[in-house]
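Below: the structure, in structure tokens.
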Amino acid sequence: MVVFLRDLLRYRAEFRIGLVLVAVVLLLSVLANFSPYPPDSVYVVPPDLPPSLTYWFGTTSRGQDVFWQLSFAIRNTLLFGGTVALVSRLVALAVGLVSGYKGGWIDRALMSVNDTFIVIPLLPILVLFYFVMRDRISWLMLALIMACFGWAYDARLIRSVVMSLRQREFTQTSMFSGMSTRQILTEEHLPYVLPILFSTTMNNMVWSIGLEVTLAVLGFTDINIPTIGGMIYWANQHTAMVAGIWWWIAFPTIAVIMAFIGLFLLAVSVNAHIDPRSRLWNVGEAL
């Protein structure tokens, strides 16, 4: 894995750019720990002030410092995306490894469930959950619900890789040497799947963050928890653009676009790097 990351940094400019963008967003989220204001406090600063040396990103109509509020919002948004990606990756990895290696009726049963989750329309389901459980749905519950629907595509991708690995000579050797199924999957097959897992994790974070922002802007989440979508929701409620308070929407939008582009470039660079044709091209350039 260390060699893989080293090669990415050496050969992939898009990986380096994505890493810088994600690092900037992460730094902003870390600064939330040093905020002088609680995240849910309002009217702690003068409202509607433009960006200045005192208030770098200006203030909102709710009397909040946009810079510090944005640090809380991007932290919560990244945590949300990371939680969805982590839980869904665990499910996708387990289903993909077992289905691809075992084959037979186990593969058919798991893929039947997998295909069911693929065709379910997620946005109407999430909106329905919100209206049914409006007073009880929490940040974590929403993340878990999204994770339950975000693993199916990637499980199929992992399955296809494992089905190919199952036919390799080293797999047959491992079986004849007495290794258990768990050992073969974790020690022999998992290293081949990790680059794909990393790439799909980045893509899943982009998907989950985008969906959370959409739901929050529409008011279908807990808008009292600072998130990027929540900031835009409150800006729309106070007609910020009409009132000329452009910074209230501009800076959260820029932050989430940086996160999107950074994660997308990381995913694209990993996808390109694990493509054998692309790797041969890079080796030829290095020579």
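We're numbering straight along the sequence, starting at 1. Computed from a predicted structure; not experimentally measured.
- For Ala216 against Gly230, the heavy-atom pair with the smallest separation is CB-N, 3.6 Å.
- In the hydrophobic cluster analysis, where Ile, Leu, Val, Met, Phe, Trp and Tyr join through side-chain heavy atoms closer than 4.5 angstrom, Ile17 is grouped together with Ile254.
- Of the possible donor and acceptor atoms, none in the side chain of Glu187 sits under 3.5 Å from a partner among the backbone N and O of Ile184.
- In terms of modelled atom types and a separation under 3.5 Å, the side chain of Thr200 and the main chain of Ile196 share a donor-acceptor contact.
- At a threshold of 4.5 Å between side-chain heavy atoms, the hydrophobic network of Ile, Leu, Val, Met, Phe, Trp and Tyr places Leu128 and Leu126 in one connected group.
- The CE atom of Met231 sits 7.5 Å away from the OG1 atom of Thr60 when rounded to the nearest 0.5 Å.
- A donor atom on one side chain and an acceptor atom on the other are not found under 3.5 Å apart for Thr227 and Asn76.
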_Full working for side-chain contact (heavy atoms from CB on, under 4.5 Å) between Leu211 and Met146_ = CA-CA 9 Å; Leu211 194 53; Met146 289 181 60; 3.6 Å; yes
*Check step by step if side-chain contact (heavy atoms from CB on, under 4.5 Å) holds for Trp234 and Ile223.*
CA-CA 8 Å; Trp234 284 114; Ile223 55 176; 3.7 Å; yes
_Under the criterion ring pair (Phe, Tyr, Trp, His ring centres under 6.0 Å), I'd like the reasoning laid out for Phe67 against Trp56: C-alpha separation, chi angles, the key distance, then a yes or no._
CA-CA 7 Å; Phe67 176 81; Trp56 293 352; 5.2 Å; yes
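- Using cut-offs of 30° and 60° on the angle between ring planes, the pair Phe170 and Tyr192 is parallel.
- The hydrophobic clustering, which links ILVMFWY residues whose side-chain heavy atoms are closer than 4.5 Å, places Ile209 and Tyr153 apart.
- Relative orientation of the Phe251 and Trp246 rings is tilted, given thresholds of 30° and 60° on the angle between their planes.
- To the nearest 0.5 Å, atoms NE2 (His189) and CZ (Arg166) are separated by 9.5 Å.
- To the nearest 0.5 Å, atom CG of residue Leu110 and atom CG of residue Leu97 are 11.5 Å apart.
- Contact check for Leu21 versus Val25: no side-chain heavy atoms found under the 4.5 Å cut-off.
- Here the shortest heavy-atom pairing between Val84 and Trp207 reads CG1-CZ3, 4.0 Å.
- Checking side-chain atoms of Ser177 against main-chain N and O of Ser174 turns up a donor-acceptor pair under 3.5 Å.
- By the criterion of side-chain heavy atoms lying less than 4.5 angstrom apart, applied directly or through intervening Ile, Leu, Val, Met, Phe, Trp or Tyr residues, Ile245 is grouped together with Val44 in one hydrophobic cluster.
- Residues Asp115 and Arg156 are in side-chain contact: their nearest non-hydrogen atoms beyond the backbone lie under 4.5 Å apart.
- Leu157 CG to Leu197 CG: the interatomic distance, rounded to the nearest 0.5 Å, is 10.0 Å.
- Criterion: ILVMFWY side-chain heavy atoms under 4.5 Å apart, direct or through other members. Under it, Leu90 and Phe198 are not part of a common hydrophobic cluster.
- Among pairs with a residue in residues 103-122, those fulfilling ring pair (Phe, Tyr, Trp, His ring centres under 6.0 Å) read Phe117-Phe149, Phe117-Trp151, at least two apart in sequence or across chains.
- Within 6.0 Å of CZ in Phe264 there are 12 or fewer heavy atoms belonging to other residues, nucleotides or ligands.
- Looking at Pro47 and Arg62, their side chains never come closer than 4.5 Å, going by heavy atoms from C-beta outward.
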*Under the side-chain contact (heavy atoms from CB on, under 4.5 Å) rule, what do Leu190 and Leu194 come out as? Steps first, then yes or no, please.*
CA-CA 6 Å; Leu190 185 58; Leu194 284 178; 4.2 Å; yes
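- Residues Ser61 and Asp48 have side chains that bring a donor and an acceptor to within less than 3.5 angstrom of each other.
- What you find for Phe72 and Pro38 is that their closest heavy atoms are CE1-C, 4.5 Å.
- Residues Leu165 and Tyr101 fail the side-chain proximity criterion, which asks for heavy atoms closer than 4.5 Å.
- Listed for the Gln64 side chain is a donor-acceptor partner under 3.5 Å among the backbone atoms of Ser41.
- Contact of the Val95 side chain with the Val91 side chain is registered, since non-hydrogen atoms from C-beta on lie closer than 4.5 Å.
- Residues Gln69 and Trp248 fail the side-chain proximity criterion, which asks for heavy atoms closer than 4.5 Å.
- In this structure, the side chains of Val24 and Met258 come closer than 4.5 Å at one or more pairs of heavy atoms.
- Judged purely by atom type and a 3.5 angstrom limit, Ser52 uses its side chain to pair as donor or acceptor with the backbone of Tyr55.
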_Candidate pair Leu70 and Ile228, rule side-chain contact (heavy atoms from CB on, under 4.5 Å), full reasoning_ = CA-CA 7 Å; Leu70 179 58; Ile228 295 296; 3.5 Å; yes
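- Without hydrogens or angle criteria, Ser29 side chain to Leu26 main chain gives a donor-acceptor distance under 3.5 Å.
- Side chains of Asn236 and Ile249 form a contact here, defined as non-hydrogen atoms less than 4.5 Å apart.
- No salt bridge links Asp107 with Lys102; every basic N to acidic carboxylate O contact stays at or beyond 4.0 Å.
- Of all non-hydrogen atoms in Ala152 and Ile118, the two that sit nearest each other are CB-CG1, 3.4 Å.
- How far OG of Ser269 is from CE of Met202: 10.0 Å, rounded to the nearest 0.5 Å.
- Atom CE of Met205 sits about 9.0 Å away from atom OG1 of Thr83, to the nearest 0.5 Å.
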*Check the pair Asp65, Thr59 against side chain to side chain donor-acceptor pair (under 3.5 Å), reporting the backbone distance first and the verdict last.*
CA-CA 5 Å; Asp65 189 318; Thr59 64; over 6 Å; no
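- Heavy atoms only, all atoms of each residue included: Ser88 and Asn204 are closest at OG-OD1, 3.2 Å.
- Contact between Ser208 and Gly81 at its shortest, heavy atoms only, is OG-CA, 3.4 Å.
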